[in-house]
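Working notes, structure below.
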Amino acid sequence: KPIEDDASEFHAFTLSGSQGRIIVRDHFETTAIQLYKNLDFHYKSLEVEPLTQPGKGKDPAPRYGTNLLLECTVLDGKRDNISPPQAVQFYQAIHKGSSYPFPESLIHNALRRTLAEIHDDSWRSSHRADIRAGLIKSYLIRNHKFSNLTKTMNPKEDDFAYLMGRIFSSYGEMQRLANLPRTVNADLTTKNYGKFFARPLATYSALGEPYNRHFKTALKSKGAKVSGLARRLNTEIEIIQRALGSENLKETFSTKEQALFTLAFHHQNHWHKQSSESRISLIKEQNLDPFDPTLLIAPIKEPTTEATN
């Protein structure tokens, strides 16, 4: 990190090659301290909790490298499939600061890859999805000024698309509970992700009946522990549904809303895996009161004095 008043000049060129020639695609000037601030903003805006765990004895896989971010938006993650002009615009935005937006075409590509890879349950595909979640969060913060987005689920966010992503994830979780101890190879979220992108309101309505069926199964046939989890999950869904209201329901998503839906789906999938203690900690990290009744989550019981001692 440079010292706070370091006004040393910094110059950067973006070069590419074609038919034996070097092409200068961009040049910009700034100071060392400003560049540091720009990069600090960029990397902090990318932070999300991953869903993909490293192999036993291995370190977490890298997720924030610029090449990785670009590769996760193209077919098979191959660098040859990256558009040079798009890469240049991306590099420009990163180094020039928060007021420079990411190219919309990059986010369109990221969302298309999400749809294309939703059926792929391989480790590599899951890792790419984690990388895209960080890229999408950064896009929402940079291009649309969603400063309230953090690395985990925000229980205060009431945007329609964000709430829909949380509900969709929760529908999938209820199906998982209803099928325990078996696993679901192709769950309803995998089968209906593309439909939700295209027609969110219609798909949300259509999934109500199978959700109710899964809820009843989890209540009656899976034992007390699963029944308790199902009741809590249903309470959370009902709270989110009330927050949706009836005035701001939309038939289709814009690019920004598709991005919010995708991030919320990731956030809620992570939330489902957390214990009560972890959920309390995650909410406190956002400077929120985890026991605030206005949060859009199932109420969390405050730990007793005996439990905390």
So which of Phe196, Tyr204, Tyr162 actually passes ring-ring contact (aromatic ring centres under 6.0 Å, His included) with Phe261?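 Checked Phe196, Tyr204, Tyr162 against Phe261; only one passes ring-ring contact (aromatic ring centres under 6.0 Å, His included): Phe196.
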Count the heavy atoms of every other residue, nucleotide or ligand shown that sit under 6.0 Å from NZ of Lys145, and state whether that count exceeds 12.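 Enclosed: over 12 neighbouring heavy atoms sit under 6.0 Å from NZ of Lys145.
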Between the side chain of His127 and the main-chain N/O of Pro62, is any donor-acceptor distance below 3.5 Å?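 Side chain of His127 to backbone of Pro62: a pair is present.
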Any side-chain to backbone donor/acceptor pair from Arg232 onto Pro299? Under 3.5 Å, distance only.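 Yes: the side chain of Arg232 pairs with the backbone of Pro299.
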Are the ring centres of Tyr43 and Tyr64 closer than 6.0 Å?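 They do not qualify: ring centres at least 6.0 Å apart.
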For this output row, return yes or no: ring centroids of Tyr100 and Tyr91 closer than 6.0 angstrom.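 When the ring centroids of Tyr100 and Tyr91 are compared, they turn out to be at least 6.0 Å apart.
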Qualifying residues under ring pair (Phe, Tyr, Trp, His ring centres under 6.0 Å), relative to Tyr211, sequence neighbours excluded: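 Ring pair (Phe, Tyr, Trp, His ring centres under 6.0 Å) list for Tyr211, sorted by chain: Tyr171.
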Pairs flagged by salt bridge (charged side-chain N to carboxylate O under 4.0 Å, His left out) wherever residues 253-272 is involved - sequence neighbours left out: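 For residues 253-272, and leaving out neighbouring residues, the salt bridge (charged side-chain N to carboxylate O under 4.0 Å, His left out) pairs sorted by first residue read Lys250-Glu257.
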Return each pair, listed once, that meets salt bridge (charged side-chain N to carboxylate O under 4.0 Å, His left out) where at least one residue sits in residues 28-42; pairs must be two or more places apart or across chains.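 Matches after skipping sequence neighbours: Glu4-Lys37, Asp40-Lys44.
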Do the charged groups of Arg199 and Glu251 touch, with an N to O distance under 4.0 Å?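 No salt bridge links Arg199 with Glu251.
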Is any NZ, NE, NH1 or NH2 atom of the basic residue among Arg166 and Glu157 found under 4.0 Å from an Asp or Glu carboxylate oxygen of the other?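 No, this pair does not count.
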Answer with yes or no whether the side chains of Thr203 and Asn192 bring together a donor and an acceptor at under 3.5 Å.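 Distance-only check fails for Asn192 and Thr203.
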Report the residue from Glu173, His266, Glu236 that forms a side-chain hydrogen bond (donor to acceptor under 3.5 Å, both in side chains) with Trp271.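 Result: among Glu173, His266, Glu236, Glu236 is the only option passing the side-chain hydrogen bond (donor to acceptor under 3.5 Å, both in side chains) with Trp271.
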Residue of the set Leu244, Ile239, Ile240 for which side-chain contact (heavy atoms from CB on, under 4.5 Å) holds with Arg242: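 Option passing the side-chain contact (heavy atoms from CB on, under 4.5 Å) with Arg242: Ile239.
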Residues which pass side-chain contact (heavy atoms from CB on, under 4.5 Å) with Lys191, listed by chain and number, not counting sequence neighbours: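 Applying side-chain contact (heavy atoms from CB on, under 4.5 Å) to Lys191 gives Ala186.
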Do any pairs count as a side chain to side chain donor-acceptor pair (under 3.5 Å) and have a residue in residues 221-231, sequence neighbours left out, and if so which ones?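 Found none.
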Does anything in residues 81-90 pair up under side chain to side chain donor-acceptor pair (under 3.5 Å), and if so which pairs, sequence neighbours excluded?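 The answer is Gln86-Ser105, Gln86-Asn109.
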